[in-house]
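Working notes for the structure below.
In what follows, residues are counted from 1 in the order of the sequence shown. Both backbone and side-chain heavy atoms feed into the values below; hydrogens, waters and symmetry mates do not.
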Amino acid sequence: MKIPFVDLKAQYRNLKPQIDDSIASVINETAFIGGKYVSNFEESFANLYGVKNCISVANGTDSLFIIMKMLGIKEGDEVITVANSWISSSETISLTGAKVRFVDVELDYYSIDTNNIEAVINEKTRAIIVVHLYGQVCDMEKILGITKRYNLFLIEDCAQSHFSEFKQKYAGTFGIAGSFSFFPGKNLGAYGDAGAIITNDDELALKCRMFARHGALIKHQHQIEGINSRMDSIQAAILSVKLPFILDWTAKRREAANLYCEKLVNIDEVILPKVRADSKHSYHLFVIRVKRRAELQLYLLEQGIETLVHYPKPLPFLEAYKYLGHSHDDFPIVRILQDEILSLPIYPELTVEQIDYICNHIKIFYGK
Ligand SMILES: *Cc1c(COP(=O)(O)O)cnc(C)c1O
């Protein structure tokens with residue numbers, strides 16, 4: 001059996017006529033930039049989230065940058081984010097001119113450790129970017145307590161947490177704005193780069209839209225200098241085909257995760273992911289902690305099973321952040337996770353047989 005880490009072809013096969021039609025329509029109408037395909041997707045995405053505004057952008061990195069820039073975050077400011085994430089969560093902070101302040105994760109849930117946030121807050125701190133990494137929602141109650149107490153903007157990086165929930169409220173709707181990526185491998189994926197911002201703040205929405213469209217809401221009426229960050233109409237048309245399926249796909253990811261957990265329970269060498277109380281994980285990634293990871297990965301690969309590590313090196317330990325002068329002791333938890341985390345294949349189309357095959361080989365590897 002061959003089990004790829006993600007199988008985007010399986011999803012395409014199921015939706016081929018609709019997707020092909022949507023692409024053909026955009027081309028036939030030569031409606032490549034802007035227009036109804038983009039505005040329809042923005043409206044449907046905002047409606048599904050129950051928010052007032054959705055601004056489509058070119059990718060999930062731009063969305064973070066645009067939000068911060070339009071909140072007025074600039075040189076001299078500091079923004080807090082988490083030590084384990086994709087680099088977009090921190091590089092966009094630096095891009096505004098502000099300084100990145102990293103916080104370690106909690107061992108149980110792999111998300112920002114709320115007990116360590118206040119230690120890095122000072123008079124320069126303007127915002128916290130929380131990352132609902134792997135699809136697990138951060139402890140929003142504690143985080144909202146902190147952002148209110150210190151009057152900080154809360155920005156949610158939801159690139160891995162489409163339709164994750166905390167107390168029956170979607171991740172991305174707790175802070176001033178939610179940032180989404182539709183990179184092909186994300187839970188809702190385009191056929192290229194795409195991203196979006198959601199917010200209930202009308203003024204921020206208007207500013208973000210303007211900034212992402214060269215500073216002009218009406219052609220040639222540039223009120224500010226901006227950037228060019230638009231979602232292509234082809235991507236919007238494809239995402240509109242996929243959007244009606246996202247809640248079903250999310251449910252299927254949860255079923256796959258539950259099955260993994262049932263089959264891998266009681267193996268001493270394997271620590272299964274925990275789900276935060278009162279929350280719903282969206283399992284962008286199914287991440288376990290294991291002993292002898294390199295050997296296990298190699299063994300699984302020999303059996304045709306692809307696995308990955310998210311991420312091999314925590315952000316503060318990357319060459320890009322050497323200038324911050326951090327040592328491993330500054331982030332003891334991500335230091336532990338770095339050597340133990342392993343992402344197993346997960347997607348809505350993953351079959352019971354495939355999960356069985358993967359789990360059986362993990363058991364065989366540990367002599368169970
Ligand atoms: C994928 C991802 C991003 C960036 O999204 P792009 O669309 O690739 O720019 C940002 N943050 C996290 C946590 C991600 O996983």
Side-chain angles (χ1 to χ4, degrees), residues 60-61 63-65 67-69 73-139 142-143 146-147 150 152-161 175 179 181 183 271 273 284-285 287-290 293-294 308-343:
T61 305
S63 48
L64 286 169
F65 171 65
I67 293 166
M68 280 188 278
K69 187 83 181 164
I73 290 166
K74 57 184 190 310
E75 198 179 334
D77 296 337
E78 292 188 4
V79 177
I80 295 167
T81 196
V82 68
N84 190 33
S85 184
W86 176 245
I87 194 167
S88 302
S89 314
S90 53
E91 68 184 352
T92 50
I93 297 173
S94 309
L95 208 55
T96 66
K99 186 179 174 193
V100 184
R101 297 300 303 267
F102 288 115
V103 170
D104 206 350
V105 303
E106 33 181 15
L107 192 59
D108 281 348
Y109 304 109
Y110 311 145
S111 30
I112 193 164
D113 186 347
T114 51
N115 296 318
N116 286 339
I117 294 177
E118 287 180 272
V120 294
I121 294 178
N122 60 42
E123 64 288 345
K124 294 179 182 165
T125 313
R126 296 286 313 283
I128 303 178
I129 300 180
V130 295
V131 184
H132 306 299
L133 199 72
Y134 308 153
Q136 174 99 268
V137 189
C138 299
D139 188 339
K142 289 230 178 94
I143 288 163
I146 294 169
T147 53
Y150 293 91
L152 306 174
F153 291 120
L154 171 61
I155 299 160
E156 295 177 80
D157 184 344
C158 303
Q160 301 191 5
S161 57
S179 166
S181 167
F183 178 83
I271 300 174
H284 172 57
L285 297 168
V287 180
I288 57 175
R289 286 170 59 199
V290 295
R293 183 182 65 190
L308 291 173
V309 174
H310 299 87
Y311 293 91
K313 214 173 230 199
L315 296 169
F317 307 154
L318 292 171
E319 185 69 28
Y321 293 107
K322 212 172 157 188
Y323 72 93
L324 290 174
H326 285 303
S327 80
H328 283 160
D329 301 338
D330 296 340
F331 305 96
I333 307 301
V334 289
R335 179 74 191 85
I336 295 170
L337 295 182
Q338 168 181 343
D339 299 327
E340 298 183 352
I341 47 176
L342 182 68
S343 309

Checklist entry - Going through the distances and angles, do F102 and V334 end up as a side chain to side chain contact (heavy atoms under 4.5 Å, CB included)? => result CA-CA 11 Å; F102 288 115; V334 289; over 6 Å; no
Item to check | Chi angles and distances behind the side chain to side chain contact (heavy atoms under 4.5 Å, CB included) call for V82, D157 | outcome: CA-CA 11 Å; V82 68; D157 184 344; over 6 Å; no
If we only count heavy atoms from C-beta on, is the [X] to [Y] side-chain gap below 4.5 Å?
{"X": "Y150", "Y": "T125", "value": "no"}
{"X": "K99", "Y": "L324", "value": "yes"}
{"X": "I146", "Y": "I121", "value": "yes"}
{"X": "L337", "Y": "L107", "value": "yes"}
{"X": "I67", "Y": "I129", "value": "no"}
{"X": "S161", "Y": "V137", "value": "no"}
{"X": "L133", "Y": "S85", "value": "yes"}
{"X": "I341", "Y": "V309", "value": "yes"}

What's the spacing between [X] [atom1] and [Y] [atom2] if we round to 0.5 Å?
{"X": "I333", "Y": "E106", "atom1": "CD1", "atom2": "CD", "result": "10.0 Å"}
{"X": "N122", "Y": "E78", "atom1": "CG", "atom2": "CD", "result": "4.0 Å"}
{"X": "H284", "Y": "S343", "atom1": "NE2", "atom2": "OG", "result": "8.5 Å"}
{"X": "I117", "Y": "I128", "atom1": "CD1", "atom2": "CD1", "result": "4.5 Å"}
{"X": "D113", "Y": "F331", "atom1": "CG", "atom2": "CZ", "result": "11.5 Å"}
{"X": "L318", "Y": "H326", "atom1": "CG", "atom2": "NE2", "result": "11.5 Å"}

So, using side-chain hydrogen bond (donor to acceptor under 3.5 Å, both in side chains) as the criterion, who are the partners of [X] when residues are at least two apart?
{"X": "Q160", "answer": "Y311"}
{"X": "T114", "answer": "none"}
{"X": "T61", "answer": "S88"}

[X]: what forms a salt bridge (Lys or Arg N to Asp or Glu O under 4.0 Å) with it, not counting sequence neighbours?
{"X": "D330", "result": "none"}
{"X": "K313", "result": "none"}
{"X": "D104", "result": "none"}

What residues form a side chain to side chain contact (heavy atoms under 4.5 Å, CB included) with [X], not counting sequence neighbours?
{"X": "A127", "result": "I73, V79, F153, I155"}
{"X": "L95", "result": "F65"}
{"X": "E340", "result": "R289, K291, I336"}
{"X": "S181", "result": "A159, F183, K186"}

[X] to [Y] - nearest heavy-atom pair and separation:
{"X": "Y323", "Y": "S94", "value": "OH-OG, 4.1 Å"}
{"X": "V131", "Y": "C138", "value": "O-SG, 3.3 Å"}
{"X": "E156", "Y": "G175", "value": "OE2-N, 2.9 Å"}
{"X": "M68", "Y": "T92", "value": "CE-OG1, 3.3 Å"}
{"X": "N84", "Y": "P314", "value": "OD1-CA, 4.4 Å"}
{"X": "F317", "Y": "Q338", "value": "CD1-OE1, 3.6 Å"}

Checklist entry - Short question: side chain of T81, backbone of S90 - any donor-acceptor pair under 3.5 Å? => result no
Item to check | Qualifying ring pair (Phe, Tyr, Trp, His ring centres under 6.0 Å) pairs with a residue from residues 103-132, counting only residues at least two apart or across chains | outcome: Y110-Y134
Item to check | Pairs where residues 116-126 contributes a residue and the test salt bridge (charged side-chain N to carboxylate O under 4.0 Å, His left out) is met, not counting sequence neighbours | outcome: D77-R126, E118-R149
